[in-house]
Engineer: 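Here it is, the structure, as structure tokens.
In this text, all values refer to a predicted model and were calculated from it rather than measured experimentally. By convention in this document, chain letters (A, B, ...) are assigned in the order of the sequence lines, proteins followed by strands, and residues within each chain are numbered from 1.
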Amino acid sequence: MKREKIMAPKGVSEYLPPRSASFEWVREKLINPAKLAGYQLMELPVFEDTQLFSRGVGESTDVVSKEMYTFEDRGGRSITLRPEGTAGVMRAVIEHSLDRGQLPVKVYYSGAFFRAERPQAGRYRQFYQVGVESIGIDDPAIDAEIIALADNAFKSIGLKRYRLEITSLGDQASRAAHRSDLVQFLAGLDLDDATRARAEINPLRIFDDKREEIKALMVGAPLLIDYLTPESKANFDQVRTYLDALKISYVINPRMVRGLDYYTGTTFEFVHEDLGAQSGIGGGGRYDGLMHTLGGSDLSGIGFGLGVDRVLLAAEAEGVLALSEFVSDLYLIPLGESSKQAALLLAQELRGDGFQVEIAFGDRALKGAMKAADKSGSAYAIVLGDTEVSSGVVELKRMSDGQVSSVKMSELKSALSERKQ
RNA sequence: GUGGGCGUAGCUCAGCUGGUAGAGCACUCGGUUGUGGUCCGAGAUGUCGCGGGUUCGAGCCCCGUCGUUCACCCCA
């Protein structure tokens with residue numbers, strides 16, 4: 001019987017050693033600024049009621065209309081694998097009445113998200129995102145803090161070749177005024193059917209078209225940023241003032257388009273230069289009506305999502321990963337059955353004191369075991385044979401230069417911590 | 001969903017106009033008794049993505065399929 005090799009589903013990202021260490025490091029760095037600012041973890045289900053996304057993210061978006069993993073569970077409920085994080089957070093806030101408590105609600109999340117797209121560089125069907133949300137208070141200073149959190153995260157990783165683009169989508173009135181002018185403008189253009197169809201769904205989309213001829217046509221298009229109501233404009237100006245004070249550089253991109261329908265007001269995107277077509281490493285913005293749409297109170301919120309996979313790619317492209325490979329403190333090489341037991345005991349004891357200790361299992365030849373010790377990146381190695389077990393004295397070998405010193409097993413702990421400095 | 005490139009040992013790849021497979025790295029063992037990184041030697045590993053077809057004969061040609069990759073679209 002021939003057995004088919006089972007492979008991972010198409011387009012998922014996986015991280016194995018040694019790269020998984022970099023992935024883990026990047027993810028930690030991305031979320032750390034939020035923790036320092038008092039944001040707390042929200043661990044949510046990866047699948048939700050399909051309606052959460054169709055109502056929250058918007059039926060007209062590509063994400064909802066053609067990229068969701070939707071299925072029926074055994075109880076006949078329509079379930080969807082989360083394509084983004086904000087909707088789930090809002091659902092949880094409403095469901096558990098967090099909006100009745102102290103505001104703003106400040107949370108962060110980290111996990112896998114799913115979108116049934118054609119895989120590409122930096123675009124996966126299962127991908128990882130960390131995000132933060134600040135819900136309940138509409139204050140431009142929060143907008144600035146949120147943007148600063150993301151910017152700090154990228155800086156702490158050491159990224160330099162990225163830029164921050166911001167704009168304001170304004171309030172309801174601003175968008176309505178702009179939309180009618182834009183629709184009129186688009187009607188006067190000579191567009192192909194597919195493009196016109198996209199314009200039907202969301203006229204802003206055309207700003208994002210990458211074809212030169214379309215870009216040229218759009219040069220004279222009315223810009224939403226010129227239609228901001230006085231309040232919206234003042235709000236946006238205030239955000240910019242704060243960003244300037246924080247010395248966070250940005251470019252205003254009035255043509256920026258976001259793919260999730262719930263965004264309003266301040267909207268931003270971080271774009272990396274070395275990433276190819278999928279260059280967005282993070283983005284977010286304010287969402288005024290979302291909570292209300294989902295059946296909660298009418299509170300404003302703002303947040304971002306950062307793509308861990310893409311940031312890792314960017315960090316690799318910039319060469320900023322401090323590739324500190326797995327380094328353990330001690331590598332034990334037992335020779336023979338009795339010393340194997342001694343090695344297990346010794347390792348257990350030292351690990352209890354916080355040392356990283358590995359053992360060469362499988363009765364390997366000494367040469368091979370030493371080789372393994374070398375590869376493991378251990379600082380020290382000890383050969384444990386009958387002699388050592390009975391005498392209680394071991395030869396502690398420093399792997400960097402091969403220097404050996406005799407140490408009593410009972411004093412190993414202090415010897416190791418002394419040398420660790 | 002649309003289009004292009006690619007698919008040969010764990011990895012990176014070579015394989016001339018079709019004659020049933022190789023290199024480097026990695027891996028295991030050894031270079032006399034229990035000490036790694038260099039060097040030397042030996043060894044293991046592939047149904048050449050899968051399925052059809054053309055042919056006396058296919059890793060090389062054709063078709064399909066799956067996977068992968070890049071771009072469009074979209075987005076993290």
Engineer: According to the 5.5 Å centroid and 30° plane-angle thresholds, does A:F113 stack upon the nucleobase of B:A76?
Structural biologist: no
Engineer: Among B:A76, B:C73, B:C29, which is the nearest nucleotide to the side chain of A:R364?
Structural biologist: B:C29
Engineer: To the nearest Å, how far apart are A:Y108 OH and B:A76 P?
Structural biologist: 21 Å
Engineer: Rounded to whole angstrom units, what separation is found between the NZ atom of A:K371 and the P atom of B:C25?
Structural biologist: 12 Å
Engineer: Which stems, defined as runs of 3 or more consecutive Watson-Crick or G-U wobble pairs with both pairing distances under 3.5 Å, involve RNA chain B?
Structural biologist: B:1-7 with B:66-72, B:10-13 with B:22-25, B:27-31 with B:39-43, B:49-53 with B:61-65
Engineer: Roughly how many Å is it from CZ in A:R125 to P in B:C74, rounded to a whole number?
Structural biologist: 18 Å
Engineer: Heavy atoms from C-beta onward define the side chain here; which of B:G1, B:U35, B:C73 lies closest to that of A:R118?
Structural biologist: B:G1
Engineer: A:A365 side chain: which of B:G30, B:G36, B:C73 is closest?
Structural biologist: B:G30
Engineer: Assign the ring pair A:H178 / A:F207 to parallel, tilted or perpendicular, where the plane angle (0 to 90°) is split at 30° and 60°.
Structural biologist: parallel
Engineer: In this structure, how many angstroms lie between the C1' atom of B:C74 and the CG atom of A:D208, rounded?
Structural biologist: 8 Å
Engineer: Can you tell which of B:A26, B:A76, B:C73 lies closest to the side chain of A:K375?
Structural biologist: B:A26
Engineer: Between P on B:C72 and CD on A:E67, what's the gap in Å once rounded to a whole number?
Structural biologist: 14 Å
